[in-house]
Amino acid sequence: MPDVIPALTPPKRILMGPGPSDTAARVLAALGAPTVGHLDPYFLQVMNETQSMLRQVFRTQNELTLAVSGTGSAGMEACVVNLIEPGDRMVVGVNGVFGGRMADVAGRAGAEVTKIERPFGEVFSPEEVAAVVERVKPKVVGLVHAETSTGARQPLEEISKIVHEAGALLLADTVTSLGGIPVEVDGWQLDAVYSGTQKCLSCPPGLAPVTFSPRAVAAIDARKTKVASWYLDMTMVRNYWGQDRAYHHTAPINMNYALREALALVLEEGLENRQARHKKNHLALKAGLNALGLTYSVAEPYQLPMLNAVVIPAGIDDVKVRQQLLNEFGIEIGGGLGPMKGKTWRIGLMGETSTSRNVLVLLAALERCLLDQGGKCPPGAGVAAANAFYAAHR
Ligand SMILES: *Cc1c(COP(=O)(O)O)cnc(C)c1O
């Protein structure tokens, strides 16, 4: 007889890092629902519903809207590799880790990449994008809407006009923004957009919602070469999600159930209500963090409500605080990435995680950790400031 191998017992955390975020019971239950075949009429209906809900969440009429099998990075690859043919010029904005990843992906897809760079935490102005597209005349411009590595929001609307006037396509990373702040795919005329399930959509990681504008689809149809990735080739994947239902790869059935449920929760709440909730809890957290003596590392107009990047105070041990939060309070927050390593904490308030309960618990727990590290803050100041904010904004 083989030894009994005990069943998994994952701890129950409060996920206040850069993703994954907390998930609703309805979403988790969907993962345990009976698996059906990938061409079962029931699943085809789930796909149709998912596409329709994705269009609502992306605020688009785009026909080619679906969930790529893979995490957010697969969505990034899918957008890049379908638009780029070897030798095509692509401009990528690099002001954080994910812009850097996009430039890497583009180079591997054979693009002639021009990077525009900004220090971590800053964003690109329309003027500097205009200057580079005029000089380079790219086929595609790629930007990250919500840089999860820095906590900065890149405005896209004005830049989109500039990119289109130059005859290029705008590719946008909305992995962290979708479901938390406005993402207007049609309104801003974004051409290729990808997201992920585990940030503000609050579904476990595993799928990447994508959408392609008619302009982007025309560019895909005009390709002279095959898409470099077989798995992510939209000219084939779209036949499975479209009328033909032609087998391409087996869809991750239960992950798609979960996404369907997560999108239903987003739409039941309403996009505007959800964005207002993210904003309110962000402002309450900020009031509390400021009262504890912590400052944000991004300028106010560009701060993301779902990703609060704060400077670690002098003399405080980054790793010890995060370990204590995890071990003593079951709370995960993120450390800094790249040049921000050891310098910032990234506190996520994404999707299901964005609640007043989590804001207050984090502020109380963080105060304990700071005091244990020899930090000084007025007793209870963080919780009091957040509560004062909530009281003033009922
Ligand atoms: C999380 C994230 C990604 C990558 O998604 P994975 O699911 O980790 O593959 C890409 N871009 C941004 C902005 C992200 O926050």
Side-chain angles (χ1 to χ4, degrees), residues 15-23 27 54 58 67-81 92-106 108-109 118 120-124 141-156 170-183 185 190 192-211 229 231-232 252 255-256 258-259 262 278 282 298 302-309 332-338 340 344-351 353-354:
L15 295 175
M16 303 187 77
S21 58
D22 290 340
T23 46
V27 172
L54 279 178
F58 271 131
V68 167
S69 306
T71 65
S73 305
M76 182 190 287
E77 296 234 30
C79 286
V80 170
V81 85
V92 182
V94 180
N95 57 345
V97 167
F98 293 106
R101 185 176 296 181
M102 194 193 291
D104 187 2
V105 167
R108 289 169 193 240
R118 277 260 160 201
F120 276 45
E122 294 184 12
V123 298
F124 298 96
V141 175
L143 290 172
V144 178
H145 186 214
E147 237 315 338
T148 321
S149 64
T150 69
R153 177 184 58 86
Q154 171 66 57
L156 292 175
L170 183 55
L171 191 164
D173 176 322
T174 66
V175 175
T176 281
S177 50
L178 193 68
I181 55 174
V183 174
V185 170
L190 310 178
V193 184
Y194 60 92
S195 191
T197 46
Q198 77 273 22
K199 312 274 169 106
C200 292
L201 299 180
S202 278
C203 182
L207 293 174
V210 296
T211 185
S229 163
Y231 195 71
L232 300 172
M255 267 313 300
N256 276 280
L259 176 58
H278 278 84
H282 156 70
V298 172
Y302 306 110
Q303 289 170 5
L304 290 171
M306 72 287 282
L307 199 287
N308 298 266
E332 175 181 283
I333 67 166
L337 273 189
M340 312 302 264
T344 61
W345 286 316
R346 292 179 301 150
I347 304 172
L349 286 173
M350 299 180 175
T353 300
S354 176

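Just follow the structure's listing: the first ligand is 1, and inside any ligand the first atom is 1.
In this structure, Phe58 and Val193 have side chains that are in contact, with non-hydrogen atoms separated by less than 4.5 Å. Inter-residue side-chain proximity for His282 and Gln303 is flagged as met; some heavy-atom pair is nearer than 4.5 Å.
Taken to the nearest 0.5 Å, the OG atom of Ser177 stands 10.5 Å off from the NZ atom of Lys199. Atom CG in Leu304 sits 8.0 Å away from atom NE2 in His145 (nearest 0.5 Å).
Within a 6.0 Å radius of OH in Tyr302, no more than 12 heavy atoms belonging to other residues, nucleotides or ligands are found.
Panel note: side chain Thr353, backbone Asp22; a donor-acceptor pair is recorded below 3.5 Å.
Contact residues of ligand 1 (protein heavy atom closer than 4.0 angstrom to a ligand atom; sorted by chain and number): Thr71, Gly72, Ser73, Phe98, Arg101, Val144, Ala146, Thr148, Asp173, Val175, Thr176, Gln198, Lys199.
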